[in-house]
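Please read the structure below before turning to the comments.
A note on names: the letters A, B, ... follow the listed sequences, proteins ahead of strands, and every chain is numbered from 1.
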Protein chains: 4
Amino acid sequence: MTLADSGPRSAGPARGRPRSEAVEIAILEGVMKLLEDGVPLAELSIERIARTAGVGKATIYRRWNGKEELFVDVMRAAEPPDPELPGTSMRDDLIVLLEALRRRGLKNRSSAIMHNVHAQMKSSPRIWNAYHTNVVNPRRELGMEVLRRGQRNGELRADVDLELANDMFTGPMLLRAVLRPDSELPEGLAEQIVDEVLAGLRPVSSPEP
Amino acid sequence: MTLADSGPRSAGPARGRPRSEAVEIAILEGVMKLLEDGVPLAELSIERIARTAGVGKATIYRRWNGKEELFVDVMRAAEPPDPELPGTSMRDDLIVLLEALRRRGLKNRSSAIMHNVHAQMKSSPRIWNAYHTNVVNPRRELGMEVLRRGQRNGELRADVDLELANDMFTGPMLLRAVLRPDSELPEGLAEQIVDEVLAGLRPVSSPEP
Amino acid sequence: MTLADSGPRSAGPARGRPRSEAVEIAILEGVMKLLEDGVPLAELSIERIARTAGVGKATIYRRWNGKEELFVDVMRAAEPPDPELPGTSMRDDLIVLLEALRRRGLKNRSSAIMHNVHAQMKSSPRIWNAYHTNVVNPRRELGMEVLRRGQRNGELRADVDLELANDMFTGPMLLRAVLRPDSELPEGLAEQIVDEVLAGLRPVSSPEP
Amino acid sequence: MTLADSGPRSAGPARGRPRSEAVEIAILEGVMKLLEDGVPLAELSIERIARTAGVGKATIYRRWNGKEELFVDVMRAAEPPDPELPGTSMRDDLIVLLEALRRRGLKNRSSAIMHNVHAQMKSSPRIWNAYHTNVVNPRRELGMEVLRRGQRNGELRADVDLELANDMFTGPMLLRAVLRPDSELPEGLAEQIVDEVLAGLRPVSSPEP
DNA sequence: GCCTAACCGAGACGGTACGTCACGTCTTTTA
DNA sequence: TAAAAGACGTGACGTACCGTCTCGGTTAGGC
């Protein structure tokens, strides 16, 4: 399921030549390839994308309304799958989530894309919203669920603001990954953050049963 | 002290007509005005900036090598002055710092600029660096100094990683201000974050005398 | 048949949207209009031509490589049709040809263009050549043919250098038309020149056998 | 005596630092050098001329009102001296004059300049006039004088229009020199033209008493 | 031996035009 | 009807000159 769609697709049993799905993939893959090849985002024109994918410009505009909309789908395609949660404890789950975040911040496919496409999308509030609805929030909900479970289990104080707590875990990691991309992001960082933050959020006594 | 340069200024006692400082101000003010007027960043062409400031394009290029370099100086000019620290305690200082951060996230002059110019600058690593060196890091050092003082005073555990601690305070606030600009950012947020985070970083016993 | 080209037109059966012929005409007419309106040639920028013709700059550059190339086609379009030769005698034909030349020198559409565009084109040897190949030489060949016929008929001495003879007829007229445009160019000038020059070129006695 | 002059030189006995004559020469020589070096006329900007001559732009504008005015003086400076007339007969004098014209058409200093600067000047009627008044007409008067003398001596029919006769001699030569610069311009051309034209202009019988 | 006005070089200034590139739309042919 | 190709009007890019305007620094008289 993509954002892709601007078509006539009014009703009825689909008249005329159907849209080639292969073309869709060629376009998304083309963008990825360019980004991986180190092409600066500023040089990623629709014209160049079309050339790379061997596709007419109109074919792109038939599917997306502009660069930003296209990028939302690129981001989603580049998004790594949700990490498998062990479920042994809230702490373990949080570490796995933050570890996934840390790995995204390293110099890899997602990172190359994220560090800039992400930025680009902010220019349009409409797109920024679509990106959040389709990519950011689902991922965020995962963390919220973990925290809710932890609160029910007594691993978290009952009076903790879960939204804030979530930001306290992810904030420091994102700060390094996004704003200071050249920073180290060492292997133990996820565990370190979880423990440091958890220290203040645990119930005053008898944390684990 | 600006980034503005690019000049031939090889050496000697300044030959030729000196650059007008008034022009410099007119350009920076022009960009601010456009941003405040709600002009989308994508429509902020050099050509339009020049028109607004009543200035030739070459006059802009004489000072900055491109839009991004110009934006670094715009950001610096828009940056609010460093907040006055009360110095009564680390907690009070941190609250003041975070409160300043919160206020920047609201819909104001700085914010309108920050939310987008900031994004734009990421497209060039060179510029991103200049921005950090000139704007981000000095501000960040302020927080680090507060934490160092707190650690010496015993308000912070001796074994705390100060860099990480700093991220734990600012990360959650920035996460809301930058990535979720439509979020609430309520008045007590700074205090709430400082207390929540501090809870885990304070020495085990007898924090305050 | 125009110079207009520069296109990609590598081979095959014409792919993509074909170039609009109407646009081509609009551009050439636009230049003419501006020149007739008395716009100094120095102010005939491509930008202004495009504005006048209601056309994008790129559309002009797609067809011509620059102002000079465009002007070659303007000159050809402004060129009056070859005059009808009576064929009754070499003298009569020459008078008609020179009369056509004289009329071009007067303040009319062709003239306004010629007096300056002509000059402009000299700046590029490449263009100057194209102009000669496409405009000047065909017209010149007409005169040469008349002289050749006259020589065969005995209206011209057999030992006359025809190239030189041609220059002897057209030279004086052009000298006035091009180099002294404010000169009179009176009505009988063509006949006067032909007779004066012919006086020295006719066979000594018994013109026709 | 130059055109050079736009100065304040309002009245009085010349106050302030007088204009350096060396600078004037440096500028004219600079233009010549550039033209001889094959710099296309279109690339002869005031800026470049100033750079070449090691002179400020204002120093040029203080003397001439623009490129065209400057070029009038360049043309005059490049003009070869009037040829020495033998005075033995009108025919001999004419041959010397036309021979001078022919030599100017060859690839030499004057020619390189003439072929283009000449063209450039046509764009401004004001300059074209100055050029004619200062350069062309004096030279032309020389020929007229020769013809007048010839007519008095009986070497020319009494009813010949001298203006037209002059054009009949110079027209063919200029046509080749200016409009067909790549043409041969062989050594005997001057004599050939004079004799061919003179054939029709001589008195019917008994040319010399 | 100053004073002062005009010169000089350099180069900034507000403009205009250059020739290129990308935008998003349109018009072709071919499938 | 989709698709590739590419022309179209629009407008920004960064550069080069235009002719004017400061700058600091000469360079001559006239006092």
#### Entry: Single hit among D:V72, D:D73, D:V74 for side-chain contact (heavy atoms from CB on, under 4.5 Å) with D:W64
D:D73
#### Entry: From B:R76 atom CZ to B:F71 atom CZ, the distance as rounded to the nearest 0.5 Å
15.0 Å
## Note on the structure
The residue, C:E21 or A:V23, whose nearest nucleotide of DNA chain F is more 5′ is A:V23
### Base E:dT29 paired with C:R15 side chain (donor-acceptor, <3.5 Å)
no
#### Entry: Rounded distance (Å) that lies between atom C1' of E:dG15 and atom CD of C:E43
14 Å
### Query
For F:dG11, does either OP1 or OP2 sit under 4.0 Å from a side-chain N or O belonging to C:R51?
no
### Message
Rounded to whole Å, please give me the gap between CD in B:E24 and C1' in E:dG14.
### Response
16 Å
### Query
When you check the phosphate oxygens OP1 and OP2 of F:dA7, does a side-chain N or O of C:T59 lie under 4.0 Å from one of them?
no
### Query
Is a side-chain donor or acceptor of B:E69 paired with a backbone partner of B:N65 at a separation under 3.5 angstrom?
yes
Pairs under 3.5 Å (N/O, protein and nucleotides 19-21 of chain E):
unit_1: E:dG19; atom_1: OP2; unit_2: C:Y61; atom_2: OH; d: 2.1
unit_1: E:dG19; atom_1: O5'; unit_2: C:Y61; atom_2: OH; d: 3.2
unit_1: E:dG19; atom_1: N7; unit_2: C:K57; atom_2: NZ; d: 2.9
unit_1: E:dG19; atom_1: O6; unit_2: C:K57; atom_2: NZ; d: 2.7

### All side-chain contact (heavy atoms from CB on, under 4.5 Å) counterparts of A:T52, not counting sequence neighbours
A:L34, A:R48
### Separation of atom CG in B:L44 from atom C1' in F:dG11, rounded to whole Å
15 Å
### Task
Examine the base of E:dC7 for any acceptor or donor lying under 3.5 Å from a partner atom in the side chain of D:R19, and report the outcome as yes or no.
no
### Task
For C:T133, enumerate each residue passing the side-chain contact (heavy atoms from CB on, under 4.5 Å) test, keeping only those at least two apart in sequence or located in another chain.
none
### Message
Using 0.5 Å steps for rounding, measure from the CD atom of B:E24 to the CD atom of B:E21.
### Response
7.0 Å
### Query
Closer than 4.0 Å, any side-chain N/O of B:R17 to the OP1 or OP2 of F:dT22?
yes
### Task
Rounded to the nearest 0.5 Å, what's the gap from CG on B:L70 to CZ on B:R63? Could you check?
11.0 Å
### Task
Could you state the atom-to-atom distance from CD of A:E69 to C1' of E:dG24 in whole Å?
14 Å
### Summary
Whole-Å distance, C:R48 CZ to E:dA17 P, equals 8 Å
### Message
Nearest whole Å is fine: how far is E:dG24 P from A:R62 CZ?
### Response
15 Å
### Query
How close or far is atom P of F:dT20 from atom CH2 of D:W64, stated in whole angstroms?
16 Å
#### Entry: Separation of atom CD1 in B:I60 from atom P in E:dA12, rounded to whole Å
15 Å
### Query
Think D:R63 has a side-chain N or O under 4.0 angstrom from the OP1 or OP2 of E:dC8?
yes
